[in-house]
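In what follows, every heavy atom counts, from backbone to side chain, and hydrogens, waters and symmetry copies are set aside.
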Amino acid sequence: MKRTSVVIAVLCAATLVSPAVASAAPPLHRTLQRDADTLVANGSPGVLMKVSTDRGSLKVRSGHGDLRTRTPMPWNGHFRIASFSKTFLSATMLQLVGEGRLSLEDTVDRWLPGVVSGNGNDGKAITIRQLLQHTSGLHDYMAELDLFTEKGFLRHRFDELSATEAVKLAVGKPPEFAPGTSWGYSNTNYVLAGLVTEKVTGQDWRRAIIDRIVRPLDLRETTLPHTSPFIPAPHARGYDRFVVEGSNPPLLGRRVDVTLMNPSMGGGADGSINSTTEDGNKFLRALLGGKVLKPALLAEMKKTVPAPGLGEYGLGLQKTISSCGVYWGHGGSLPGYQTGNGVTEDGKRSVMVSLNTLTPYLPGAPLPEVHPVEPVIDHALCGRARSAS
């Protein structure tokens with residue numbers, strides 16, 4: 001982790017790599033540069049990517065970090081990692097399990113009595129494991145927020161919603177299924193996980209992550225912003241297209257600058273961390289390399305259930321089968337920012353991909369069956385790069 005990185009990148013003001021430089025670059029660099037350029041051609045304003053290995057690292061970028069000034073994506077840009085934050089919180093809670101302060105089989109009601117109740121919801125029947133694995137059946141509070149149309153987002157992007165208020169929104173609806181009987185992604189699970197962490201530790205969930213993950217791993221560019229709408233500099237601006245109201249089939253409208261927003265709707269434990277490609281890779285490699293959790297706890301984190309549309313899901317970790325084997329990671333998306341990532345089973349090779357949009361598609365184009373970032377991650381982890389990185 002501390003070896004000197006050999007960064008293979010084009011440090012020039014131009015957005016795209018020149019043909020002469022591209023032809024001289026190692027095979028993986030050329031492949032990933034083409035991937036990044038394709039993502040931009042297909043609708044993402046900009047792309048930043050970093051692959052990290054024991055023998056060095058590789059960076060590529062394409063497009064623009066600011067469409068008004070036509071400046072490139074900053075090499076060391078900060079961005080909202082959104083739901084990748086869940087992996088940080090899950091690892092923190094598993095450390096508490098290892099210390100005997102918490103059990104994965106504890107019920108939510110054991111720590112938050114009466115908080116999850118009503119409309120068929122029962123905190124006595126939901127375990128911590130089910131929260132972290134999205135098998136609780138709890139309704140996703142995000143579905144109740146008016147943030148998914150252009151008018152709604154611009155009207156409500158600075159609203160503050162506490163964790164308690166978010167849970168009330170969720171339990172105001174009946175559960176999607178009985179706890180443990182199915183899988184369904186719900187941000188409510190990690191809002192509750194944050195509240196449980198605070199009960200166990202007696203400190204804000206953010207402080208727990210900082211003390212247990214951020215500082216020990218020296219993640220100097222990773223921040224937990226509470227309700228601040230700002231992202232540390234340097235950063236790309238975030239853009240999105242919202243579905244045109246009344247359009248059928250749904251059509252994406254104009255591109256909107258959505259950089260400023262409160263990332264901590266619902267208290268933030270479900271996805272409000274800011275980080276960089278460097279820190280994201282460092283965390284993933286440390287986690288799968290056994291530097292964050294003891295082997296038995298990492299094994300618990302990697303116990304998966306089928307997750308329709310995502311492959312398999314563990315405790316804040318997604319398992320994916322690539323063209324060269326298994327990799328682990330957790331994507332994240334908020335208006336304006338999207339994170340894709342992956343790390344090999346042995347923790348020796350990882351990739352972070354950052355797009356400054358949630359909608360990397362051209363207006364009127366059909367949505368692809370496979371998310372456009374998935375093949376990029378496969379190329380990064382399985383490409384001809386072990387000798388070129």
Is [X] linked to [Y] within one hydrophobic cluster, defined over Ile, Leu, Val, Met, Phe, Trp and Tyr using a side-chain heavy-atom separation of less than 4.5 Å?
X	Y	result
L358	I273	no
L284	V326	yes
V196	W205	yes

Partner set under side-chain contact (heavy atoms from CB on, under 4.5 Å) for R101, not counting sequence neighbours: L96, E99, V200, T201, R212
Parallel, tilted or perpendicular: ring planes of F283 versus F84, cut at 30 and 60 degrees: tilted
Of L334, L355, T277, the residue whose pairing with F79 passes side chain to side chain contact (heavy atoms under 4.5 Å, CB included): T277
Any donor-acceptor N/O pair, Q33 side chain to R61 backbone, under 3.5 Å: yes
Inter- and intrachain pairs under salt bridge (Lys or Arg N to Asp or Glu O under 4.0 Å), touching residues 255-275, at least two apart: R237-D257
Taking every non-hydrogen atom, the tightest pair across R80 and M261: NH2-O, 3.4 Å
In plain terms, say whether [X] and [Y] are close enough for a salt bridge, that is, a side-chain N and a carboxylate O under 4.0 Å apart.
X	Y	result
K302	E345	yes
K151	D146	no
E300	K303	yes

